[in-house]
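This report concerns only the one structure given below.
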Amino acid sequence: MNCQNCRTMTEEGCSLCETCELRFAGTLLRLARDVTPLHDSLDATLHPGGHSPVRIQTATPPTPIRLDVLDLIDMLDATARELWRCLDGIDALDWRKDKRNEDLKATLIACAGHPKLATFADAGLYMHIINNLARKVDLALDPPEQRREIGTCELCETMLTAGADDQWVTCPVCGREQRAQTVKLRRLKTLCWDDSKRGSAADIAKAFTEAGIKVSRKTITMWGQRDKLFRHADGYAYCDVYRLLIGPADLTVMA
């Protein structure tokens with residue numbers, strides 16, 4: 001039998017492999033941790049950064065509550081309780097057997113520790129739904145300017161985002177955990193292999209610096225002025241900048 005998430009072989013009767021089960025449980029626990037700051041971020045006078053909220057002054061009075069966060073909490077609440085019913089084998093229409101727990105945090109923790117988390121029939125589907133919700137919670141709690149696209153997942157090509165201090169990133173689709181620096185280098189390698197990839201001095205300097213290869217916009221512009229770097233109509237070529245920075249060595253050093 002194959003894992004419903006990563007398609008690897010699993011034990012008989014298991015819908016998820018051991019690794020995916022641990023990731024699923026970890027995501028549920030992380031959501032349980034984020035329930036309190038998520039509720040706090042309902043306050044419209046807070047900057048949309050629930051982990052480190054800062055009150056803002058607006059020209060006009062804000063709405064009394066952040067409706068987008070309220071909708072997200074409702075969606076998380078409904079999904080967590082539906083997951084709990086699936087784990088306990090309770091028919092959604094049989095309300096008499098539904099041991100409803102009003103505490104969302106407790107429900108998420110209970111689901112994470114449930115013995116049937118990896119064995120019930122739709123485990124893969126709910127893992128995918130929970131991962132998507134976790135990503136939305138992250139975006140609601142972390143200021144958008146602190147998270148940016150760093151490259152694509154090695155397995156499923158999903159665009160990944162990370163904060164400035166994030167060392168590891170987890171793909172929201174396939175659940176693969178990867179080093180943020182590796183993702184950035186892989187993205188830069190793709191740009192440097194293709195001689196049609198071009199950009200402004202600022203864009204190229206940013207891409208190299210984020211990948212750990214420091215170069216300034218001024219340096220790239222100076223190379224262009226001294227005819228060390230050819231400027232195309234649509235900007236400089238990433239591969240040309242790479243050759244000047246690294247030398248004739250093979251691009252595999254960036255792998």
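Taking 4.5 Å as the limit, every side-chain heavy atom of Thr182 sits out of range of all side-chain heavy atoms of Trp168. Put simply, the side chain of Phe230 does not reach to within 4.5 Å of the side chain of Tyr236, judged on heavy atoms. Looking at heavy atoms from C-beta onward, Leu38 lies in side-chain contact with Ile73 at the 4.5 angstrom threshold. Inter-residue side-chain proximity for Leu29 and Leu108 is flagged as unmet; no heavy-atom pair is nearer than 4.5 Å. In this structure, Leu160 and Cys171 have side chains that are in contact, with non-hydrogen atoms separated by less than 4.5 Å. The closest side-chain heavy-atom distance from Ser41 to Leu141 is below 4.5 Å. Residues Val183 and Met159 are not in side-chain contact: their nearest non-hydrogen atoms beyond the backbone lie 4.5 Å or more apart. Residues Cys111 and Leu87 meet the side-chain proximity criterion, which asks for heavy atoms closer than 4.5 Å.
The shortest heavy-atom contact between Val169 and Ala180 is CG1-CB, 4.3 Å. Here the shortest heavy-atom pairing between Ile220 and Ala205 reads CD1-N, 3.8 Å. Residues Ile109 and Ala32 share a closest heavy-atom pair of CG1-CB, 3.7 Å. Across all non-hydrogen atoms, the minimal contact from Asp103 to Lys105 is OD1-N, 3.0 Å. The two residues Cys20 and Cys3 make their nearest non-hydrogen contact at SG-SG, 3.7 Å. Between Thr221 and Ala201, the shortest heavy-atom contact is OG1-CB, 3.6 Å.
A continuous path of ILVMFWY side-chain contacts below 4.5 Å connects Met127 to Met75, so both sit in one hydrophobic cluster. Note on Leu70 and Leu104: same hydrophobic cluster, where clusters join Ile, Leu, Val, Met, Phe, Trp and Tyr whose side-chain heavy atoms are under 4.5 Å apart, directly or indirectly. Residues Leu67 and Leu76 are members of one and the same hydrophobic cluster, defined by side-chain heavy-atom contacts under 4.5 angstrom among Ile, Leu, Val, Met, Phe, Trp and Tyr. Both Met222 and Tyr242 belong to a single network of hydrophobic side chains, linked directly or stepwise wherever heavy atoms of I, L, V, M, F, W or Y lie under 4.5 Å apart. Residues Val69 and Ile130 fall within the same hydrophobic cluster, defined by Ile, Leu, Val, Met, Phe, Trp and Tyr side chains chained together at heavy-atom separations under 4.5 Å.
Comment: Arg30 engages Asp138 in a salt bridge, judged by a side-chain N to carboxylate O separation of less than 4.0 angstrom. A salt bridge between Lys206 and Asp203 is absent, with no side-chain N of the basic residue lying under 4.0 Å from a carboxylate O of the acidic one.
For the atom pair CG (Leu42) and CG (Leu72), the distance works out to 9.5 Å, reported to the nearest 0.5 Å. With values rounded to the nearest 0.5 angstrom, Asp34 atom CG is found 12.0 Å from Leu133 atom CG. Here the straight-line distance linking atom SG of Cys153 with atom CD of Gln178 works out to 4.5 Å at 0.5 Å rounding. Here the CG-CZ distance, from Leu229 to Arg243, works out to 10.5 Å after rounding to the nearest 0.5 Å. To the nearest 0.5 Å, atoms CZ (Arg179) and CD (Gln167) are separated by 6.0 Å. Annotation: the span from Lys116 atom NZ to Cys14 atom SG amounts to 13.0 Å, rounded to 0.5 Å.
With hydrogens and angles disregarded, a donor-acceptor distance shorter than 3.5 Å links the side chain of Gln4 to the backbone of Ala121. Judged by distance alone, the side chain of Glu21 and the main-chain N or O of Leu117 form no donor-acceptor pair under 3.5 Å. Judged by distance alone, with hydrogens and angles left aside, the side-chain atoms of His114 form no donor-acceptor pair with the main-chain N or O of Ala110 at under 3.5 Å. In this structure, Arg186 contributes its side chain and Thr152 its backbone to a donor-acceptor pair below 3.5 Å.
The environment of CD in Glu18 is sparse: at most 12 heavy-atom neighbours from other residues, nucleotides or ligands sit within 6.0 Å. The environment of NE2 in His128 is sparse: at most 12 heavy-atom neighbours from other residues, nucleotides or ligands sit within 6.0 Å.
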Next item on the list: May I have the step-by-step check of side chain to side chain contact (heavy atoms under 4.5 Å, CB included) for Leu16 and Thr10, ending in yes or no?
Entry: CA-CA 7 Å; Leu16 295 176; Thr10 64; 6.0 Å; no
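A side-chain N or O of Arg81 and one of Thr107 form a donor-acceptor pair less than 3.5 Å apart.
A side chain to side chain contact (heavy atoms under 4.5 Å, CB included) with Thr27 holds for exactly one of Thr170, Asn131, Leu22; it is Asn131. For the side chain to side chain contact (heavy atoms under 4.5 Å, CB included) with Leu83, the lone residue among Asp122, Asp88, Leu28, Ile129 that qualifies is Leu28.
Aromatic ring pairs are classed by plane angle as parallel below 30°, tilted from 30° to 60° and perpendicular above 60°; the pair Phe120 and Tyr126 is tilted.
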